[in-house]
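A short worksheet on the structure shown next.
The figures here come from the full heavy-atom set of this structure, side chains too, leaving out hydrogens, waters and symmetry mates. Here is how names work: the chains are called A, B, and so on, in the same order as the sequence lines, proteins then strands, and each is numbered from 1. The shown structure was predicted, so the numbers you read here are calculated from the model rather than taken from an experiment.
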2 protein chains.
Amino acid sequence: MEELDALLHQPLRTQLVAFLAGAGEQTFSDLKRQLEVSDGNLDAHLKKLLAADYVTVRKESGNGRPQSYYMLTGTGLAAMQAYVLALQRLLPISPNGEHAPVFIEPRLAD
Amino acid sequence: MEELDALLHQPLRTQLVAFLAGAGEQTFSDLKRQLEVSDGNLDAHLKKLLAADYVTVRKESGNGRPQSYYMLTGTGLAAMQAYVLALQRLLPISPNGEHAPVFIEPRLAD
DNA sequence: TCCATTTACTCTGTTTTGCAGAGTTTATAA
DNA sequence: TTATAAACTCTGCAAAACAGAGTAAATGGA
C-alpha cells in the first residue's frame, strides 16, 4: 500500500503548506487571520512543520514590532507534491477523467 | 480557502476509499488484511463511510460463513475525485511540474 | 450432536491528536 | 508609564483514533 505523509495528511497542515506555497513568506499574524485558527493551534502545527524542515522562520525586530516570517522550503514543496502524486496513484481514475495506468476500472455499487 | 472533505482527509479512510475504488468489492476480512488494521478500528471507519453513502454493504449468509461485502459508491468515487482536485488546486505547482493557473510562482526558503 | 472456528460486529478503555484560551515575554507606540 | 501588539508557551479539555476483549450467528468437522 502506498503510504501518505502523515505530517501533510492533516487538514490544517495541508492548508498551511499549500497557502505558504502560493502566497510566499507570511507572518504569524497573517497565517492566523487567513486560516482562521487560534494562535495556540497555529503554533503547534507550525512547530511540527519546522521540525520536519518543511517550513523555515525568519525573525525580525528592532524596526517595528517583532515579526516572524514563515516560508515553505524546497523540502516542504517536494513533500507536498509527492503527497498529491501519491493520492493520484491511489485513485484508479484520475480527477481529470484519465485512467491511472496501474489500476483497473473501478466497480461501483448502484 | 478551499475546503477539504474531512471524511476523506484521514489516512485510513483515504486508503479504504482508494483501495475499494481499485479493487472493487471486498470483504471485511480482506480489508482488515490488506490495510493491516484492527477490526474495531476498521469497523468504526467503515461506519462513517457507510453513513455518508461513500460505501455500501451487501451481507451474505446461508452458503458459507457470513460475509459482508463492501463496495465504493458513485458518490464515494466522486467525493474522492473532488478531494484530489481540491488538493491540486491548493498547490501552486502541480505534481507533474505544470503550473496551476490561479497561483503565483511559489517562493521558497533556501 | 456438539465443539471449535470464523465472521462481523459491539463495547470499553487507552492513547493520541487537535484545539482554545489564559498567561508570559519582548518590544513598540502613544 | 501605560497600553497594545506579536509571538509564543502552557494547561486542560474535547474529539478522534485505535487495539483488543467480548459476543452472536453460522458453519464445518469430529
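Closest heavy-atom contact between A:L31 and A:F19: CD2-CD2, 3.7 Å.
For B:Q26 and C:dT7, the CD to P distance is 14 Å, given to the nearest whole Å. Rounded to an integer number of Å, the gap from A:E60 CD to D:dA7 P is 10 Å. Distance CZ (B:R33) to C1' (C:dA8): 13 Å, rounded to an integer number of Å. Between the CZ atom of A:R58 and the C1' atom of D:dA7 there is a distance of 15 Å, rounded to whole Å. Rounded to an integer number of Å, the gap from A:L50 CG to D:dC8 P is 9 Å. The separation between A:L7 atom CG and C:dG18 atom C1' is 14 Å, rounded to whole Å. One atom, CD of B:Q15, and another, P of D:dC18, lie 11 Å apart when rounded to the nearest Å. Nucleotide C:dT17 holds its P atom 14 Å from the NE2 atom of A:H9, rounded to whole Å.
Rounding to the nearest 0.5 angstrom, the gap separating the CD atom in A:Q26 from the NZ atom in A:K32 is 14.5 Å. A distance of 11.5 Å separates CD in A:Q34 from CG in A:L16, rounded to the nearest 0.5 Å.
Of the candidates C:dA20, D:dA17, C:dC19, D:dA17 carries the atom nearest the B:H45 side chain, counting heavy atoms from C-beta on. Considering only side-chain atoms of A:S68, the nucleotide from C:dA8, C:dC19, D:dA7 that sits closest is D:dA7. Among D:dC8, D:dC18, D:dA16, the nucleotide with an atom closest to any side-chain atom of B:S38 is D:dC18.
Sequence neighbours left out, the pairs with a member in residues 67-87 of chain B that pass ring-ring contact (aromatic ring centres under 6.0 Å, His included) are B:H9-B:Y83.
A:S29 comes within contact range of the sugar-phosphate backbone alone, with a heavy-atom separation under 4.0 Å but no base atom that close. Using a 4.0 Å heavy-atom criterion, one finds that B:K32 contacts no nucleic acid atom at all. A:Y69 comes within contact range of no nucleotide atom at all, as no heavy-atom separation falls under 4.0 Å.
Of the side-chain N and O atoms in A:Q67, none sit less than 4.0 angstrom from OP1 or OP2 of C:dT28. Taking only side-chain nitrogens and oxygens, B:Q10 never comes nearer than 4.0 Å to OP1 or OP2 of D:dA16.
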Identify every side-chain donor-acceptor pair in residues 42-54 of chain A under 3.5 Å, counting partners at least two apart or on other chains, and give the distances.
residue, atom, partner, partner atom, Å
A:H45, ND1, A:R13, NH1, 3.1
A:H45, NE2, A:N41, OD1, 3.3
A:Y54, OH, A:D5, OD2, 2.6

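Judged as a side chain to side chain donor-acceptor pair (under 3.5 Å), and not counting sequence neighbours, the contacts of A:R33 are A:D30.
A donor-acceptor pair under 3.5 Å links the side-chain atoms of A:T14 to the main chain of A:L8, judged by distance alone.
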Using a cutoff of under 3.5 Å, can you pull out all pairs of nitrogen or oxygen atoms linking the protein to nucleotides 9-12 of chain D, with atom names and distances?
residue, atom, partner, partner atom, Å
D:dT9, OP2, A:D43, OD2, 3.3
D:dT9, OP2, A:K47, NZ, 3.1

